[in-house]
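The structure under discussion appears below in the form of structure tokens.
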Amino acid sequence: MRAEQALAGELARGAGEQRGRLIERTLALASTDAPSGGGPAALAAAADQIAAELAALGGVLARTPTPAGELLELRIGAGTEAPVLVLGHYDTVWPQGTAAERPPTLDGDVISGPGVFDMRGGIAAALGAIELLGPERLGAPLVALMTPDEETGSASSRERIVEVGVAARCVLVLEPPLPGGALKTARSGWAVYRLAARGRSAHAGIDPQRGVNAIEELCDALLEVRSIADRTQGTLINVGAIAGGTLANVVAAEAHALLDLRVTGAAEQRRVDEALAALEPRRSGAALEVEQLHARAVMERTAPIAAAYAHARDLAALLGDELGEGSVAGTSDANLLAHRGVAVLDGLGPDGGGAHAIDEHISVDALVARCALIALLLALPPAGGGR
């Protein structure tokens with residue numbers, strides 16, 4: 001314990017000495033746009049920037065093209081021992097040009113700007129932690145995986161996340177924490193569906209009886225969808241977009257809606273899937289189709305997650321911090337791994353607020369503290385699994 005306390009003190013001091021560098025790195029990262037869904041060209045500058053930061057840490061860097069942008073994977077250390085996976089994403093929800101219109105700023109203890117909370121600050125803290133600790137003091141081999149499409153469902157990166165994650169000793173996820181810096185040990189499940197109605201077009205005035213109105217069919221189906229939600233169980237369904245038809249004097253032949261689902265348990269996910277699949281049209285000649293576009297399984301507080309959190313809480317105490325935990329309705333790439341029995345620590349980014357909002361910000365003190373904690377976790381990682 002004395003050795004652990006001494007190491008914690010050393011890393012806390014080192015992180016404090018890195019304060020200026022951590023600020024500089026966060027501001028630089030947030031000054032480069034990486035619009036989610038923008039594609040490889042739009043994310044290329046951010047990929048180059050973060051790849052250069054990773055390469056400077058040593059090890060072997062792989063850059064893998066995907067339809068969403070490059071997967072950046074750094075490996076430090078070799079051998080058969082299960083690695084620690086540091087998992088982050090470099091896409092942000094902000095459109096191209098946001099960084100120029102609203103550049104990141106430092107005001108006292110607060111860094112504000114697009115993407116600083118989700119998750120440029122977390123990436124900066126992790127880069128600083130690896131730099132601070134150095135390869136020779138890692139408690140296990142390290143893999144740092146930075147992905148380009150978390151905000152849009154991780155379609156291009158989930159296969160690699162799962163492949164590396166299930167073989168890892170534990171996974172440190174750089175998402176923002178709960179208010180006060182608490183880790184996220186449970187998350188809702190998430191799915192996006194496209195509900196489409198098909199009808200038959202006709203002239204709305206001359207022979208409307210020949211038509212089958214897809215918009216009306218969709219509206220009736222959405223009334224049924226509303227009844228599927230159950231707030232008492234934490235099951236939320238949001239109709240986020242709707243479109244259909246062509247002109248006011250044409251009976252609409254097509255209409256569709258996009259649905260966002262949040263659930264807190266696997267049983268509720270199955271119930272909703274079955275209820276949506278069972279939707280039937282009310283009009284002769286109409287058809288309904290339900291397609292799941294994206295999904296992440298519920299992240300429950302499993303035994304490996306609870307054990308990893310207890311370990312992180314004890315290490316944080318050595319740094320003089322009280323590390324809490326909690327659940328959240330949002331999802332992350334941690335959802336892709338938790339139900340597979342992986343020891344996941346989610347929410348290791350610095351405290352702040354305003355995710356996906358114009359007042360997005362982080363605390364510099366929290367950035368420094370997270371750098372020290374991540375470094376200590378890399379030196380003394382949770383027992384985890386590593387299958």
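All of these numbers come straight from a predicted model, not from anything done at the bench. Values below: all heavy atoms of this structure, side chains included; hydrogens, waters and symmetry mates excluded.
- Between Q18 and V368, every side-chain heavy-atom pair lies at or beyond the 4.5 Å cut-off.
- In this structure D48 satisfies the salt bridge (Lys or Arg N to Asp or Glu O under 4.0 Å) test together with R63, sequence neighbours excluded.
- Applying the salt bridge (Lys or Arg N to Asp or Glu O under 4.0 Å) rule to R137 yields the partners E10; only residues at least two apart in sequence or on another chain are considered.
- Without hydrogens or angle criteria, D33 side chain to G97 main chain gives a donor-acceptor distance under 3.5 Å.
- Side-chain atoms of N213 do not come within 3.5 Å of backbone N or O of V251 as any donor-acceptor pair.
- In this structure, the side chain of K184 engages the main chain of P176 through a donor-acceptor pair within 3.5 Å.
- Residue W94 shares its hydrophobic cluster (ILVMFWY side chains chained together at separations under 4.5 Å) with V93, I358.
- With sequence neighbours left out, D207 forms a salt bridge (Lys or Arg N to Asp or Glu O under 4.0 Å) with R210.
- Between the side chain of D109 and the main chain of D365, a donor-acceptor pair closer than 3.5 Å is present.
- For the pair I228/E224, no side-chain contact is recorded, criterion being any heavy-atom separation below 4.5 Å from C-beta on.
- Applying the side-chain contact (heavy atoms from CB on, under 4.5 Å) test to A214 and every residue at least two apart in sequence or in another chain returns A197, A255.
- When only modelled atom types and interatomic distance are considered, S363 and D351 share no side-chain donor-acceptor pair under 3.5 Å.
- Considering only heavy atoms from C-beta on, L22 stays 4.5 Å or farther from V364 through its side chain.
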Name the atoms and distances for all side-chain donor-acceptor pairs under 3.5 Å in residues 74-83, with sequence neighbours left out.
unit_1	atom_1	unit_2	atom_2	d
R75	NE	E73	OE2	3.2
R75	NH2	E73	OE2	3.4

Atom pairs and distances, side-chain donor-acceptor, residues 111-118, under 3.5 Å, sequence neighbours left out:
unit_1	atom_1	unit_2	atom_2	d
D118	OD1	H89	NE2	3.3
D118	OD2	H356	NE2	3.0

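- Every residue meeting the side-chain contact (heavy atoms from CB on, under 4.5 Å) condition with T66, not counting sequence neighbours, appears here in chain and number order: A68, L71, P148, S156.
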Legend entry - From CA spacing to verdict: side chain to side chain contact (heavy atoms under 4.5 Å, CB included), V173, L337: CA-CA 11 Å; V173 184; L337 299 171; over 6 Å; no
Cut-off 3.5 Å, no hydrogens considered: what does the side-chain donor-acceptor table look like for residues 275-289, sequence neighbours left out?
unit_1	atom_1	unit_2	atom_2	d
R283	NH1	E217	OE1	3.0
R283	NH1	D220	OD2	2.9
R283	NH2	D220	OD2	2.9

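- Within the 4.5 Å cutoff, side-chain heavy atoms of L259 are placed close to those of L222.
- Checked by atom type and distance alone, the side chain of T302 never pairs as donor or acceptor with a backbone atom of V342 at under 3.5 Å.
- Separating the OG atom in S31 from the CD atom in Q49 is a distance of 7.5 Å, to the nearest 0.5 Å.
- Within a 6.0 Å radius of CD in E159, other residues, nucleotides and ligands contribute 12 heavy atoms or fewer.
- Separation of atoms OG (S154) and CD1 (I161) is listed at 4.5 Å; rounding is to 0.5 Å.
- Under the 3.5 Å distance criterion, with hydrogens and angles disregarded, no donor-acceptor pair is assigned to the side chains of E151 and S36.
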Legend entry - Residue pair R158, T147: steps toward the side chain to side chain contact (heavy atoms under 4.5 Å, CB included) verdict: CA-CA 9 Å; R158 67 172 55 211; T147 69; over 6 Å; no
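- In this structure a side-chain-to-backbone donor-acceptor pair under 3.5 Å is missing from R187 to M299.
- Donor-acceptor pairing under 3.5 Å is recorded for the side chains of D346 and S332.
- For E150, the salt bridge (Lys or Arg N to Asp or Glu O under 4.0 Å) partners are R296, not counting sequence neighbours.
- Using modelled atom types, no side-chain atom of R271 and backbone atom of A266 make a donor-acceptor pair closer than 3.5 Å.
- R120 places no side-chain N or O within donor-acceptor distance of the main-chain N or O of L27, the cut-off being under 3.5 Å.
- Shown here are the side-chain contact (heavy atoms from CB on, under 4.5 Å) partners of A297, two or more places apart in sequence or in another chain: H339.
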Inset, instruction - For side chain to side chain contact (heavy atoms under 4.5 Å, CB included), just list the numbers for T92 and T98, CA-CA rounded to whole Å, side-chain angles, deciding distance to a tenth of an Å, and then say yes or no. - result: CA-CA 11 Å; T92 74; T98 302; over 6 Å; no
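- Between R102 and E360 there is no salt bridge, since none of the side-chain N atoms of the basic residue sits less than 4.0 Å from a carboxylate O of the acidic one.
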Under 3.5 Å donor-acceptor pairs involving side-chain atoms of residues 304-319, not counting sequence neighbours:
unit_1	atom_1	unit_2	atom_2	d
Y309	OH	L323	O	2.7
H311	NE2	L380	O	2.6

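- With R370 contributing its side chain and G349 its backbone, the two residues share a donor-acceptor pair below 3.5 Å.
- Taking CG of L127 as the reference point, atom CG of L54 lies at 6.0 Å (rounded to 0.5 Å).
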